[in-house]
> 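Have a look at this one before I ask anything.
Counting convention: from 1, in listed order, for ligands and their atoms alike. Every heavy atom of this structure was used, including side-chain atoms; hydrogens, water molecules and symmetry mates were not. Note that this is a predicted model, so its numbers are computed, not measured.
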Amino acid sequence: MLRPPGSAITGLTCTRCGAEHDHTVLQGLCTSCGGPLYARYDMERAGRTLTPEALAARPRSMWRYAEVLPVEDPAFRLNLGEGDTPLFYSRRIGPDLGLDRLLLKDEGLNPTGSFKARGLCMAVSRAAELGAGAFSIPTAGNAGGALSAYAAAAGLPAYIFMPSDTPSRFVEECRMYGAEVTLVEGFITDAGRRAREELEGSDRFDVSTLKEPYRVEGKKIMGYELFEQLGGELPDVIVYPTGGGTGLVGMWKAFGEMEELGWIGGERPRMVSVQASGCAPVVKAFHAGDEDYEAWPDPRTMAMGLRVPAAVGDVEILKALRGSGGTALSVDEDEILDGVLELGRREGVYASPEDGAVVGALRKLKAEGFLEGDERVVAFLTGHGMKYAELIQEALRERGERM
Ligand SMILES: *Cc1c(COP(=O)(O)O)cnc(C)c1O
Ligand SMILES: [Zn+2]
């Protein structure tokens with residue numbers, strides 16, 4: 001099998017003010033305006049070797065998209081088996097809703113049980129290549145485990161800051177990979193403050209969502225994979241449980257790149273953000289017609305990946321939803337739990353609460369007429385339910401139910 005050629009990266013551009021930044025050194029947010037930075041590639045050069053035919057012959061890994069990924073020296077490409085997750089037709093939930101072509105992309109099968117593995121694989125690989133000595137992240141869930149695993153693979157220390165009420169399974173996971181976990185009283189924002197205080201004068205590199213340019217590069221590969229798995233087409237609709245929105249904006253970026261490569265035209269899937277009604281800043285801003293949003297006060301939901309009150313990429317999320325003719329909607333905790341049970345009992349997928357939210361959203365989207373019966377809809381299942389076993393049990397108990 002052919003080894004993929006190298007990265008065609010040429011620079012970093014600020015998504016807000018357009019300022020250019022050096023891609024050969026570690027970078028955080030834009031130094032002029034504080035906006036997120038995006039990697040830019042020489043797409044003409046990339047396209048000479050990155051073709052659908054060439055891809056089909058390369059080893060199954062995210063790294064087969066090397067031309068449009070930032071890591072330049074193959075020795076730094078960490079690989080724990082991330083990416084290449086299955087895409088399969090829903091056997092019951094879709095057809096029962098009148099959606100005959102509902103596809104489920106099961107991201108829970110990634111290393112560390114969530115699609116956070118994609119982004120952190122890329123961020124850690126690239127930062128290690130550029131000389132990072134250690135990593136730091138505030139997280140209430142899956143990002144901590146993913147960072148810890150990839151830092152261990154890179155042989156570098158990871159410092160994880162978690163709210164003290166984080167379920168023990170998520171804390172233990174980080175420690176299992178040798179990371180140092182600090183539990184902080186309060187919300188994720190408090191954990192973030194503490195992490196930032198300790199960054200000062202340390203060799204730690206902050207890999208918070210969109211505060212460095214490369215997690216989004218790992219997540220964007222989901223967009224490329226959809227095209228490949230659908231035989232060179234994109235779906236009509238993508239339904240995505242949205243927290244920081246990295247995957248949503250990542251896929252949006254990927255579609256732009258694929259257009260530059262000449263693989264697709266100007267058409268785009270309608271992008272749909274799903275949130276929990278206890279933390280729905282994207283939904284609120286989308287329907288209010290706002291271009292960005294303030295922090296959601298008192299965020300509450302058992303879907304920890306969706307408990308993100310404010311996002312660095314808020315502007316980009318809203319642009320992708322509007323630019324695609326998409327929408328945003330929220331579901332409540334009962335709908336989330338029902339969705340989890342349905343995925344388990346009717347599809348054979350041990351689902352996370354984030355996945356449950358997606359199922360609740362599909363039902364509403366069909367009822368509202370946003371989805372047509374013959375459309376090809378891809379629903380993202382983003383986490384493995386086994387990590388949430390206690391949370392799910394607790395939610396059932398509160399309803400007076402049992403497994
Ligand atoms: C982080 C997370 C999300 C949200 O992902 P974003 O790309 O940050 O919006 C959804 N589901 C799970 C399981 C997560 O861990
Ligand atoms: Zn800027």
> Report yes or no: does Lys219 have a heavy atom closer than 4.0 Å to ligand 1?
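The answer is yes, since Lys219 has a heavy atom less than 4.0 Å from ligand 1.
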> Between ligand 1 and Glu354, is the shortest N or O to N or O distance under 3.5 Å?
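No: no nitrogen or oxygen of Glu354 is under 3.5 Å from one in ligand 1.
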> Under a 4.0 Å threshold between the charged nitrogen and the carboxylate oxygen, would Arg16 count as salt-bridged to Glu316?
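Looking at Glu316 and Arg16, the cut-off is met.
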> With a cut-off of 4.0 Å, which atoms of ligand 1 are near a heavy atom of Tyr388?
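This gives 13 (C) as the contact atoms.
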> Please say whether more than 12 non-hydrogen atoms of neighbouring residues, nucleotides or ligands are located less than 6.0 Å from CD in Glu401.
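Check passes, neighbour count above 12.
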> Touching ligand 1 at all, Thr242? Heavy atoms, strictly under 4.0 Å?
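Judged by the 4.0 Å heavy-atom criterion, Thr242 does count as contacting ligand 1.
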> Inspect the contact between Glu335 and Lys364 and indicate whether a charged nitrogen and a carboxylate oxygen are less than 4.0 angstrom apart.
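Salt bridge present between Lys364 and Glu335.
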> Counting from 1, what ligand 1 atoms have a heavy atom of Thr246 closer than 4.0 Å?
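Atoms satisfying the 4.0 Å criterion: 6 (P), 7 (O), 8 (O), 9 (O).
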> Is Leu306 close to ligand 1, meaning an N/O of one under 3.5 Å from an N/O of the other?
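There is no such contact.
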> Can the ring centres of Tyr388 and Phe170 be said to be less than 6.0 Å apart?
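Distance test on ring centres: under 6.0 Å, yes.
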> Nearest to atom 6 (P) of ligand 1, what protein heavy atom do you find, and at what distance?
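Answer for atom 6 (P) of ligand 1: Gly245 N, 3.4 Å.
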> Is Asp290 salt-bridged to Lys284, going by a charged N under 4.0 Å from an acidic O?
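The answer is no: the pair does not qualify as a salt bridge.
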> Judging by distance only, is a nitrogen or oxygen of Gly305 under 3.5 angstrom from one on ligand 1?
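It does not: no N or O of Gly305 is found under 3.5 Å from an N or O of ligand 1.
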> Polar contacts were defined as any N/O atom of the residue lying under 3.5 Å from an N/O atom of the ligand; does this apply to Gly383 and ligand 1?
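Between Gly383 and ligand 1 (N or O atoms, distance only) the closest approach is not under 3.5 Å.
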> Report the C-alpha distance between Arg169 and Glu172 in whole Å, list the side-chain angles of each, state the deciding distance to 0.1 Å, and finish with yes or no for salt bridge (Lys or Arg N to Asp or Glu O under 4.0 Å).
CA-CA 5 Å; Arg169 210 169 270 227; Glu172 281 159 26; over 6 Å; no
> What protein heavy atom lies closest to atom 12 (C) of ligand 1? Include the residue and the distance to one decimal.
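Among all protein heavy atoms, the one nearest atom 12 (C) of ligand 1 is Thr382 OG1, 3.3 Å.
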> What distance separates Leu226 CG from Arg376 CZ, expressed to the nearest 0.5 Å?
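Leu226 atom CG to Arg376 atom CZ measures 10.0 Å (nearest 0.5 Å).
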> Only to 10 degrees, please: what angle do the SG atom of Cys30 and the SG atom of Cys14 make about the Zn ion (ligand 2)?
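Answer comes to 110°, rounded to 10°.
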> Heavy-atom count check: over 12 atoms from other residues, nucleotides or ligands less than 6.0 Å from Glu267 CD?
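Atom CD in Glu267 is packed in, count exceeds 12.
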> Looking only at distance, does Asn142 have an N or O less than 3.5 Å from an N or O of ligand 1?
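Yes, since at least one N or O of Asn142 sits under 3.5 Å from an N or O of ligand 1.
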> Which protein non-hydrogen atom lies closest to atom 2 (C) of ligand 1, naming both residue and atom, and how far is it?
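Answer for atom 2 (C) of ligand 1: Lys116 NZ, 2.3 Å.
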> Ignoring hydrogens, just give me the one of Phe170, Phe115, Tyr240 whose non-hydrogen atom is nearest atom 7 (O) of ligand 1.
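Ranked by closest heavy atom to atom 7 (O) of ligand 1, first place is Tyr240.
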> Looking at Asp206 and Arg196, is any side-chain nitrogen of the basic one under 4.0 Å from a carboxylate oxygen of the acidic one?
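No, this pair does not count.
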> Determine whether the aromatic ring centres of Tyr240 and Phe115 lie less than 6.0 Å apart.
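Yes, the ring of Tyr240 comes within the 6.0 Å limit of the ring of Phe115, centre to centre.
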> For atom 8 (O) of ligand 1, what is the nearest protein heavy atom, given as residue, atom name and distance?
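Checked against all protein heavy atoms, atom 8 (O) of ligand 1 sits closest to Gly244 N, 3.1 Å.
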